[in-house]
Number of protein chains: 2
Amino acid sequence: MALVGLVNYLDWRCRPAKNAWRVRSHQIASGQVMGGSGRVTLNDVAAASGVSRATVSFVLNDDPRQTISAATRERVRQAARELGYVPHGIARALREGASRVVVLNIDWGLEGNYSHSFIRGLDDELAAHDHVLLVHHGHHSPRSTRQVLDAITPRAVIRFAEPYLTGHDLDDRGGGWKDGLAAHAALQIRHLAERGHTCVALALPDTETPLADVRLRFAARTAEHLGLAAPVPFVVPRPRTAGARAIEELRTAHPDVTAVAAFNDDVALRTLTAAHDLGLTVPGDLAVIGYDDTEYGALITPALTTVHIDAEAHGRLAARAALGLDTTGLEPVPARVIVRDSV
Amino acid sequence: MALVGLVNYLDWRCRPAKNAWRVRSHQIASGQVMGGSGRVTLNDVAAASGVSRATVSFVLNDDPRQTISAATRERVRQAARELGYVPHGIARALREGASRVVVLNIDWGLEGNYSHSFIRGLDDELAAHDHVLLVHHGHHSPRSTRQVLDAITPRAVIRFAEPYLTGHDLDDRGGGWKDGLAAHAALQIRHLAERGHTCVALALPDTETPLADVRLRFAARTAEHLGLAAPVPFVVPRPRTAGARAIEELRTAHPDVTAVAAFNDDVALRTLTAAHDLGLTVPGDLAVIGYDDTEYGALITPALTTVHIDAEAHGRLAARAALGLDTTGLEPVPARVIVRDSV
DNA sequence: AGACGCAACTAAATCGATCTAGCGGCGAAG
DNA sequence: CTTCGCCGCTAGATCGATTTAGTTGCGTCT
């Protein structure tokens, strides 16, 4: 009896599909199963308040193109409240052409402070506009996106694979030098420069990501602007020993590098560990600055100095963009350097 | 021009709702906007193959209760293929009473190896049965679940807040001593016992979780079974300094404690850091074992010994349960201790 | 008195797939 | 020569909300 009780994972389960022959079920799962019969529909509300379905719809949606008497309006509202009417999203979606759902595509390995606050902001703002956020984890082929699209026709699909933008768009539209990717990359490099470092390396993850190129470009532009040497890109691979080897190679190939700016906190942590394993002192022999302020940076010794980005506003903005709303008047909290012990 | 280009987050955007007056949009977002007009429907396929809509549905769904001639069947399939017909999930959901979507509720702070492999298994198995997994992040009130329910009427909602089960169910159904929570908790304690520890503490997170009680109960039962003292529960709070204080208090209150079993790797990491800050040697003065093998355990020094659980099978099982399918014949990979340096 | 406009509604089409009830034709049994 | 049954297929109802195209009744203007 493997994994007894797993069935109870279920928080809620819809009545089985009518065409149950398709999924020949041998066992009915437990959980709170809700029969479809209980649903209160527009028809019920219409009947209860003695008007037509159309009128009910007009009232409940506050349709400005219709004139409904105050008395009727009140009667309908009352009935809806008493019956506990809730519009059926699926039916509405069929009619409107899209469900009130926004899907966020997140690739693996992008968790962190940024994604959390981004999701929070996105979720909040969508909720404020009567929409729901659902996240699709995995690696995202056009095919997998199509499946989601076909399954629920969401109002929009937002991709998080490249948290800000692809480099191309960025260049076209100002690069986000104010409060986007470019600004944050610059912040990181600038902090190193302020601490007197003149030759820095950029530590990249071993997984392929289009964002790496963009980051490198922005770092390079910032370095140039500050009069530093061009940043040296290098990869910090995953097994602990391989990471150490990478750092060793970097230091022999580029002896003048005194600081490392990491693509994210994960890579920074690996760099810190590698430095420790090589017997290097941090920040004496090598300074390290992270990016995105995960919890773990505070726990390692020496504690990681990093860039903290509050993406709540980014999330809200993304939500409004997805809904086709006005996106002005939403000032993001500026990113800041969390100074700890590694720089 | 704040956050220029954020609009390009959009991977796909549905045509705006017809009732656009509701969300008065000042600006149309860019992105790949797909007009609803392009959709190929059952009607199109029916017309193309010269049969009725019903017949097409029967053929494409392989309805065993209908007899359709091989010739017709082929003609319909051909037409569907040529036109690129894809069933409209929303329409289907309206008819069937539920969409082919399963929602997974995940509370914050539960990321890790377990949740990743769980999601992977769940996603895979659902995909194999023509369903889509979507994740809802946040703290989950019944209200928020209702909103999701009303928005897309998913086939099922699975809650991950308590990754295995609530304690009550667990006790009722054998406790998961074979390959569930109880077994994994036991594995952790047993490892400490094997290394000669006779009095252990259980490090808990500062956030409220019903799972903590269950874990404690299982740990206690295992300890008793192995002839150890009853495990001492204590909380490791979040700011680094507070964590150190907690460990200090633990050691003065219970000087005989020589090892800590952590609720998860996060708590284990905090414990390790606290020990370091107090000048304790690990595992000499205090041994620490984690739970769930996140990447960070390998990066800290001393590297964290932990319990690795491959939840793929758990995910697959949850998927089948959600779909009301047979759940037999799916043997999980047994959990194992990853021995590193902290025990 | 007739025309016109407006407020306040309603009937019915619509979105796209599923599924029930039933129809015509053909072969076999009586 | 019926009659029954089955194969192969179709018309139309259905799911629940939105929205268009009216309709009714009343007041006003000429």
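All values below were derived from every heavy atom in this structure, side-chain atoms included, with hydrogens, water molecules and symmetry-related copies excluded. Every chain is numbered from 1 and lettered A, B, ... according to where its sequence line falls, protein lines coming before strand lines. Here the structure is a predicted model, which means the values were calculated and not measured.
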(message) Please confirm whether the shortest side-chain N or O distance from A:Ser57 to OP1 or OP2 of D:dA17 is below 4.0 Å.
(response) no
Smallest heavy-atom separation, A:Leu122 atom then A:Leu104 atom, equals CD2-CD2, 4.0 Å
A:Ile152 CD1 to C:dC15 P, in whole Å, measures 22 Å
Atom CZ of A:Arg75 and atom C1' of C:dC9 are separated, to the nearest Å, by 11 Å
query = Can you tell me if the side-chain N/O atoms of A:Thr41 get under 4.0 Å from OP1 or OP2 in D:dG16?
reply = no
message: For the CZ atom on A:Arg81, are there more than 12 heavy atoms of other groups (residues, nucleotides or ligands in this structure) within a distance under 6.0 Å?
response: yes
To the nearest angstrom, the CG-P distance between A:Asn43 and C:dA12 comes to 14 Å
Checklist entry - For D:dG8, does either OP1 or OP2 sit under 4.0 Å from a side-chain N or O belonging to B:Thr67? => result yes
How would you label the contact of A:Val56 with the nucleic acid (heavy atoms, under 4.0 Å): base, sugar-phosphate, or nothing?
nothing
Atom CG of A:Asp63 and atom P of C:dC9 are separated, to the nearest Å, by 14 Å
Would you please indicate if the ring centroids of A:His137 and A:Trp108 are separated by under 6.0 Å?
yes
Here the distance between atom P of D:dC9 and atom CG of B:Asn61, to the nearest Å, is 16 Å
On DNA chain D, more 5' by nearest nucleotide between A:Pro87 and B:Ser69 is B:Ser69
Would B:Thr153 and A:His88 count as a side-chain contact (heavy atoms from CB on, under 4.5 Å) here? Give the steps.
CA-CA 8 Å; B:Thr153 326; A:His88 190 300; 3.6 Å; yes
Result for 5'-nearest mapping on DNA chain C, choosing between B:Ala54 and A:Arg73, is A:Arg73
Tightest non-hydrogen contact, residues A:Asp44 and A:Arg39, listed as OD2-O, 3.7 Å
Hey, is the side chain of B:Ser52 poking within less than 4.0 Å of OP1 or OP2 on D:dA11, counting only N and O atoms?
no
Among C:dT10, C:dC19, D:dG16, the one nearest any side-chain atom of B:Phe58 is C:dC19
note: B:Arg39, atom CZ; C:dT14, atom P; distance rounded to Å ~ 19 Å
When rounded to whole Å, the CG to P distance for the pair B:Leu94 and C:dC19 reads 12 Å
Practice prompt. Output yes when at least one side-chain N/O atom of A:Tyr85 is less than 4.0 Å from OP1 or OP2 of D:dG16, else no.
Written response: no
Original post:
Within the structure shown, what part of the strands sits under 4.0 Å from A:Ile68 by heavy-atom distance: base, sugar-phosphate, or nothing?
Top reply: sugar-phosphate
Between CZ of A:Arg65 and C1' of D:dT20 the distance, given in whole Å, is 10 Å
